[in-house]
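One structure is given below, encoded as C-alpha cells.
Keep in mind that what you see is a predicted model, and the values were worked out from it rather than measured. All ligand and atom numbering here is 1-based and tracks the order in the structure. Because only heavy atoms are used, hydrogens play no part in the values below, and waters and symmetry mates are left out as well, while side chains stay in.
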Amino acid sequence: MTLAQQSQLRKDYMANVPKWRYPFIGYLVTIPVTVLVVLCTIYVAKMFGQFFFPSTFCVISILFVALFWGAGPAIWSILLNSAALYYFFIYPTIGYDITNWRDALQLLPFIGSGLIIALITAQRERARFQAMGAELELQSYARELEESNRQLEDANKMKDRFLSIASHELKTPVTTIRGQAQLMLRRISKQKKTSDLDGVATTLERINDQTGRLTILIDELLDVSSMRAGKVVLNKRLCNLTSLCQDVVDDHRMLSERRIIYEAPSEPVCIKVDVDRLAQVMTNLISNALKYSPDNSTVEVKLQPEPTHVLISVQDRGKGIAKDQQEHIFETFYRTPDAQSSTKRGLGLGLAITKDIVERHGGRIWCESEPDHGSTFLVELPFSG
Ligand code: ADP
C-alpha cells in the first residue's frame, strides 16, 4: 500500500470513529479519570485502614482509557497514574524525601503492566486498521469488476445491434437477387430450350440455391437478435399439431427425397401455439436430423399426446452427440467438433432459436443421444401453455 493510500485509509478510519472517541478527547478524559481513581483509592485505604493494592484502580483506569481511546491516551494514563501513585502513596511513606529515588522503582511492575495493556491495544488497532484496508481494497476491486462488467455489457449490446442492423441490411439485396434469379428461371423455362440457355439456367439455379441458404442464415441471425432483445412476440392460436407436423414432414420428404417415417394419432391433437414458430421448430429439428445423418438412413418423427402435454420426437441414425457436448448444443453459435470438421454448414443458431421458441410456449426440449447410435430430440409442449 502506498503512503497516500495509507493516509487516505487513516482518514477513512477516523471518519468511521464516533467523535467522542477521538484521541484528544481521550487525553482530556484521562485527567478527571485519574483524579477519580486517586480519590477512590484514598477512600478505600481510609475505609480499611490500609490498602494493600493501591495500583488496582489505576490499572482499571488504564484499561478503560485504552479500550475507548487507544494506545496514545493509554500511555498518557500510565504517566498520570504513576505520578499520582508516587505522590500519594510512595512519597508520604519515604518521608517526603525526593532524593530517595530507589523506592520509586517499585512503580516499575505497574508501569510494565500498563505498557502491556497499551501494546495489546496498539496491536488491536493495527489489526482493525489492516482489516479495514483489506475491505477498502476489496471494495475497489469490486468497483473495477463492476466497471468491466458494464463495459462488457455495452460491447455485447453493440454487437447485438450490429448483428441486427447488418442482417436487416443484407436481407433486402439478397431477397431482390433471389427474386430476380427466380424470375429469369421462370422466363427461361417458358422459352424454347437451347444449349446456351441451359448454361444460364444452371447458373441461375445456383444463384437461387445460394441466396436461399443466405436467406436462411440471415433469418437465423435476425431471430437471434430479436430473441436477445426480447422482441419475439408469439401469435398463439388453436391448431391441429398432427397436420402441422405432417406438412413439415411432407415438405422435407419432397425436398430431400429421404425416407422420413411419421407416426401420429389419427385424430387431431389440438393445442394453442404460434403456428409459424412451431413449424420453424419442426423444420429445424427435421433438417438437422437429415443434415447430420447418412443420406440412405431413415428419420423418424413421432407425435404422442399425453394427459398434460404433447411429446414430439425426431430421431435420426447419425453419428450421435457426445454427452459433454449435449449440454452445449442449445447455446448460440455452438457447433460440435464433428460438425465443424464436416462439410455440413451452419452457424450453430438453429437449436438456440428452437429452444427459445419451445420455452416461450412453456415447454422444454432436450436431446438423448449415444455416439454412433444416432440422436433423438424431444419436445414437450403443455396443453395449458
Ligand atoms: P447448425 O446450423 O450448426 O446445424 P444448430 O443450432 O441447429 O446449428 O445445431 C447446433 C449443433 O448441434 C450442430 O452444429 C451439431 O453439431 C449439433 N447437432 C444438432 N442436431 C444434430 C443431430 N441431429 N445429430 C448430430 N448433431 C446435431
Side-chain angles (χ1 to χ4, degrees), residues 160 163 166-167 170-171 174 209-228 232 245 248-249 251-253 255-263 276-303 311-361 363-380:
D160 283 348
L163 212 69
S167 338
L170 281 173
K171 200 170 162 74
V174 169
D209 287 350
Q210 293 303 318
T211 46
R213 256 182 46 73
L214 213 56
T215 310
I216 294 173
L217 293 184
I218 293 170
D219 282 343
E220 279 188 347
L221 283 173
L222 276 171
D223 276 345
V224 164
S225 65
S226 10
M227 197 174 97
R228 290 205 178 164
V232 180
C245 292
V248 180
V249 168
D251 286 350
H252 281 85
R253 265 190 203 132
L255 283 170
S256 66
E257 294 170 356
R258 292 266 303 266
R259 202 168 119 78
I260 306 175
I261 301 171
Y262 178 52
E263 253 180 56
D276 294 337
R277 290 295 183 183
L278 215 75
Q280 192 180 354
V281 166
M282 292 311 296
T283 303
N284 279 348
L285 296 180
I286 297 174
S287 57
N288 271 354
L290 294 169
K291 183 157 87 172
Y292 296 109
S293 62
D295 283 345
N296 54 0
S297 67
T298 311
V299 168
E300 273 173 64
V301 179
K302 276 190 203 151
L303 191 144
L311 187 69
I312 304 169
S313 63
V314 179
Q315 188 179 11
D316 63 58
R317 307 262 179 267
K319 267 180 130 184
I321 306 161
K323 272 264 168 317
D324 59 322
Q325 291 158 13
Q326 282 175 27
E327 56 195 87
H328 298 294
I329 56 175
F330 296 99
E331 291 167 10
T332 42
F333 299 110
Y334 181 84
R335 302 199 78 212
T336 59
D338 262 353
Q340 283 181 45
S341 57
S342 72
T343 50
K344 324 274 177 198
R345 301 227 186 116
L347 284 181
L349 293 177
L351 284 181
I353 296 165
T354 303
K355 183 172 188 262
D356 185 72
I357 297 172
V358 171
E359 285 177 355
R360 274 173 203 276
H361 279 87
R364 66 190 184 104
I365 180 169
W366 70 100
C367 165
E368 287 172 6
S369 177
E370 288 290 333
D372 296 326
H373 287 93
S375 322
T376 308
F377 283 82
L378 297 118
V379 174
E380 199 181 86

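- Remark: H373 NE2 is loosely packed, at most 12 non-hydrogen atoms of other residues, nucleotides or ligands lying under 6.0 Å away.
- Among the atoms of G320, none of the N or O lies under 3.5 angstrom from an N or O of ligand 1.
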Residues V314, M282; criterion side chain to side chain contact (heavy atoms under 4.5 Å, CB included); working and verdict: CA-CA 9 Å; V314 179; M282 292 311 296; 4.2 Å; yes
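- Considering only heavy atoms from C-beta on, E380 comes within 4.5 Å of W366 through its side chain.
- Using the six-membered ring where Trp is involved, F377 and F330 have ring planes that are perpendicular, over 60° apart on the 30 and 60° scheme.
- What sits closest to atom 23 (N) of ligand 1 on the protein, heavy atoms only, is D316 OD2, 2.8 Å.
- Those atoms of ligand 1 with a heavy atom of L349 less than 4.0 angstrom away are 6 (O), 8 (O).
- Of all the heavy atoms of Q340, none lies under 4.0 Å from any atom of ligand 1, so neither backbone nor side chain is involved.
- Residue E331 places its CD atom among more than 12 non-hydrogen atoms of other residues, nucleotides or ligands, all under 6.0 Å distant.
- Of the protein's non-hydrogen atoms, N288 ND2, 3.5 Å is the one closest to atom 20 (N) of ligand 1.
- At a threshold of 4.5 Å between non-hydrogen side-chain atoms, the residues M227 and I357 do not count as touching.
- Distance alone, capped at 3.5 Å, is enough to place a donor-acceptor pair between the S369 side chain and the G374 backbone.
- Checking only distances, R345 never comes within under 3.5 Å of ligand 1, N or O to N or O.
- Residue contacts with ligand 1 for T336 involve both N, CA, C or O and side-chain atoms from C-beta outward (heavy atoms, distance under 4.0 Å).
- Using 4.0 Å as the threshold, F377 has a heavy atom nearer than that to some atom of ligand 1.
- In terms of protein heavy-atom proximity, atom 3 (O) of ligand 1 is closest to R335 NE, 2.6 Å.
- Residue K291 has at least one N or O atom closer than 3.5 Å to an N or O atom of ligand 1.
- The atoms of ligand 1 that sit less than 4.0 Å from any heavy atom of L351 are 5 (P), 6 (O), 7 (O), 9 (O), 10 (C), 12 (O), 19 (C).
- Those atoms of ligand 1 that come under 4.0 Å of a heavy atom in L347, given as number and element, are 2 (O).
- Taking the charged nitrogens against the carboxylate oxygens, R213 and D209 have no contact shorter than 4.0 Å, which rules out a salt bridge.
- Taking every heavy atom of A339 and a limit of under 4.0 angstrom, the matching atoms of ligand 1 come to 14 (O), 15 (C), 16 (O).
- Heavy atoms of N284 found under 4.0 angstrom from ligand 1: none, in either backbone or side chain.
- Under 4.0 angstrom from ligand 1, the non-hydrogen atoms of Y334 all belong to its backbone.
- Proximity annotation for atom 27 (C) of ligand 1: of L285, I321, L290, T354, I321 comes nearest, heavy atoms only.
- With a 4.0 Å heavy-atom cut-off, ligand 1 is reached by no atom of D338.
- Between Q325 and D338, the side chains place no donor N or O within less than 3.5 Å of an acceptor N or O (distance only, hydrogens not considered).
- Here the straight-line distance linking atom CG of L351 with atom CG of D356 works out to 12.5 Å at 0.5 Å rounding.
- Residue contacts with ligand 1: G348 is included, with a non-hydrogen atom under 4.0 Å away.
- When only non-hydrogen protein atoms are considered, atom 13 (C) of ligand 1 lies nearest to Y292 OH, 3.4 Å.
- Interatomic distance, CG of L285 versus CG of L378, reported as 9.5 Å (0.5 Å rounding).
- Judged by distance alone, with hydrogens and angles left aside, the side-chain atoms of Q340 form a donor-acceptor pair with the main-chain N or O of R335 at under 3.5 Å.
- Atom 12 (O) of ligand 1 has its closest protein heavy atom at I329 CG2, 3.4 Å.
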